[in-house]
Amino acid sequence: MKTSNPYHRIQISKANTIKVNSIRDINKFLSLQFERSIYRFILISEAHLMNETSQNALLKNLEEPPEEVIFMLTTPYPNHLRETIRSRCWSMYFNPLSVSELTDILVEYYGIEKSLAEEVSVFSDGSVTTAIELLENDFRVLKDKTINFLRYSLGKKFHSAYQEISDILKDADPSRLKFFIQMIIIWLNDLQRFRTSNGNIFYSDYKETLEKFNNKFPHSNISEVVFKLDYLSSLIQNNINPNLLAANLIFNISLLTKQSI
């Protein structure tokens with residue numbers, strides 16, 4: 001019964017847009033009766049994923065909001081929302097959680113073993129959602145695969161590099177592939193920090209990989225490769241061919257062995 005469980009979640013697995021049917025489902029939810037509830041809250045996570053039709057449908061609710069209903073839209077990209085939606089919302093900005101705060105939340109509320117919570121928190125950019133998604137994607141396995149993929153790509157063992165990523169490609173899960181690319185970018189950013197002795201290193205347990213690479217290729221153009229990988233990551237939502245993406249990843253990482261002075 002809705003009175004015993006007032007939380008109604010609408011989620012479509014692997015969706016990369018919020019379509020109008022989901023907004024219509026919200027309207028159906030609002031039509032239900034809640035005898036014991038004074039207020040009802042509608043939380044739209046990743047609101048920037050709403051397409052134009054969805055935003056138009058939501059706008060009708062925001063123009064004439066139902067009584068005792070509060071809409072909350074969360075997004076790191078508010079400019080992707082229509083101005084007519086943003087003008088009807090009260091903007092609130094939240095700072096990322098610290099590593100220690102995020103660790104405590106994962107341990108206390110999600111039952112994550114402390115050492116794993118500490119490890120994943122470093123890579124989660126202060127977000128509980130990102131931390132949970134990384135854990136759901138076998139974070140430690142993903143981390144090891146990242147290092148092996150880098151070693152093979154930099155060593156020009158291209159077949160081995162492809163084998164390391166092949167199971168991620170077979171999953172056909174865009175979020176896992178995006179996490180994998182992000183883990184590579186984090187390692188490259190670590191390399192920048194290692195060179196300049198500026199900031200903490202995320203891959204602290206793989207520091208030797210940074211030392212070995214920097215000793216061998218001290219003048220590689222890291223920024224250019226990071227830019228290219230970030231662009232490849234943006235293509236995932238456009239259904240780029242996975243094998244083509246893998247080939248481009250391997251090729252661009254191998255460019256790091258080309259010295260730039």
Side-chain angles (χ1 to χ4, degrees), residues 4-16 18 37-49 70-78 89-150 168 171 173-194 196-210 226 230 233:
S4 60
N5 181 13
Y7 302 101
H8 179 68
R9 185 172 188 178
I10 301 170
Q11 183 177 29
I12 300 175
S13 178
K14 299 181 182 180
N16 54 18
I18 299 175
S37 298
I38 300 175
Y39 285 96
R40 280 176 283 178
F41 296 85
I42 305 299
L43 171 61
I44 302 179
S45 180
E46 304 291 333
H48 59 277
L49 296 179
I70 296 176
F71 287 88
M72 294 178 286
L73 284 63
T74 65
T75 174
Y77 310 109
C89 296
W90 179 24
S91 297
M92 299 180 66
Y93 299 91
F94 299 91
N95 293 323
L97 296 169
S98 68
V99 170
S100 60
E101 289 171 332
L102 184 50
T103 298
D104 290 342
I105 290 172
L106 294 176
V107 172
E108 183 174 353
Y109 294 100
Y110 292 89
I112 307 301
E113 189 268 326
K114 187 172 183 179
S115 64
L116 177 57
E118 289 174 338
E119 191 176 347
V120 76
S121 293
V122 174
F123 289 82
S124 301
D125 198 25
S127 167
V128 174
T129 300
T130 300
I132 295 301
E133 288 178 344
L134 282 170
L135 291 169
E136 289 175 346
N137 282 280
D138 296 323
F139 168 69
R140 281 177 171 161
V141 172
L142 198 62
K143 188 177 178 183
D144 288 342
K145 279 187 172 295
T146 301
I147 295 298
N148 290 334
F149 181 78
L150 283 164
I168 297 176
D171 282 347
D173 184 349
S175 62
R176 191 167 190 227
L177 188 53
K178 285 181 75 72
F179 276 130
F180 182 75
I181 296 176
Q182 187 59 37
M183 296 285 283
I184 295 173
I185 291 174
I186 290 173
W187 185 88
L188 294 172
N189 289 335
D190 264 0
L191 184 57
Q192 293 273 42
R193 285 187 286 267
F194 179 81
T196 59
S197 300
N198 183 18
N200 295 325
I201 292 174
F202 286 31
Y203 283 92
S204 57
D205 47 345
Y206 286 102
K207 191 174 180 180
E208 79 284 354
T209 65
L210 303 171
V226 168
D230 191 54
S233 180

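Within the 4.5 Å cutoff, no side-chain heavy atoms of Y109 are placed close to those of V128. Residues T209 and L150 fail the side-chain proximity criterion, which asks for heavy atoms closer than 4.5 Å. Side-chain contact check for L210 versus R193: every heavy-atom pair is 4.5 Å or farther apart. Residues M183 and F139 have side chains in contact (heavy-atom distance under 4.5 Å, counting atoms from C-beta outward). Counting only heavy atoms from C-beta outward, the side chains of I132 and L106 approach each other to under 4.5 Å. Proximity of F179 to T146: side-chain heavy atoms (C-beta onward) are nowhere separated by under 4.5 Å. In this structure, C89 and M72 have side chains that are not in contact, with every pair of non-hydrogen atoms separated by 4.5 Å or more.
Interatomic distance, F71 CZ to R40 CZ, rounded to the nearest 0.5 Å: 9.5 Å. Residue L191 holds its CG atom at 9.0 Å from CD1 of I201, rounded to the nearest 0.5 Å. Interatomic distance, CD1 of I44 versus OG1 of T75, reported as 11.0 Å (0.5 Å rounding). Atom CG in D230 sits 5.0 Å away from atom CD1 in I185 (nearest 0.5 Å). To the nearest 0.5 Å, atoms CD1 (I168) and CZ (F180) are separated by 5.0 Å. Summarising the geometry, atom CG belonging to L135 is positioned 12.0 Å from atom CZ belonging to F123; distances are rounded to the nearest 0.5 Å.
Residues N189 and Y203 bring no donor and acceptor atom of their side chains to less than 3.5 Å of each other.
Within the structure, the salt bridge (charged side-chain N to carboxylate O under 4.0 Å, His left out) test picks out no pair touching residues 95-106 (sequence neighbours left out). Applying the salt bridge (charged side-chain N to carboxylate O under 4.0 Å, His left out) test to every pair with at least one member in residues 123-137, sequence neighbours left out, gives no pairs at all.
Residues D190 and N200 approach most closely at OD1-O, 4.2 Å, considering heavy atoms. Taking each heavy atom of S45 and T74 in turn, the nearest pair found is CA-OG1, 3.2 Å.
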List, one per line, each side-chain donor-acceptor pair under 3.5 Å for residues 114-122, sequence neighbours excluded.
residue : atom : partner : partner atom : Å
S115    : OG   : E113    : OE1          : 2.4
S115    : OG   : E113    : OE2          : 2.8
E119    : OE1  : R140    : NE           : 2.9
E119    : OE1  : R140    : NH2          : 3.0
E119    : OE2  : K143    : NZ           : 3.0
S121    : OG   : T103    : N            : 3.4
S121    : OG   : T103    : OG1          : 3.2
S121    : OG   : A117    : O            : 2.6

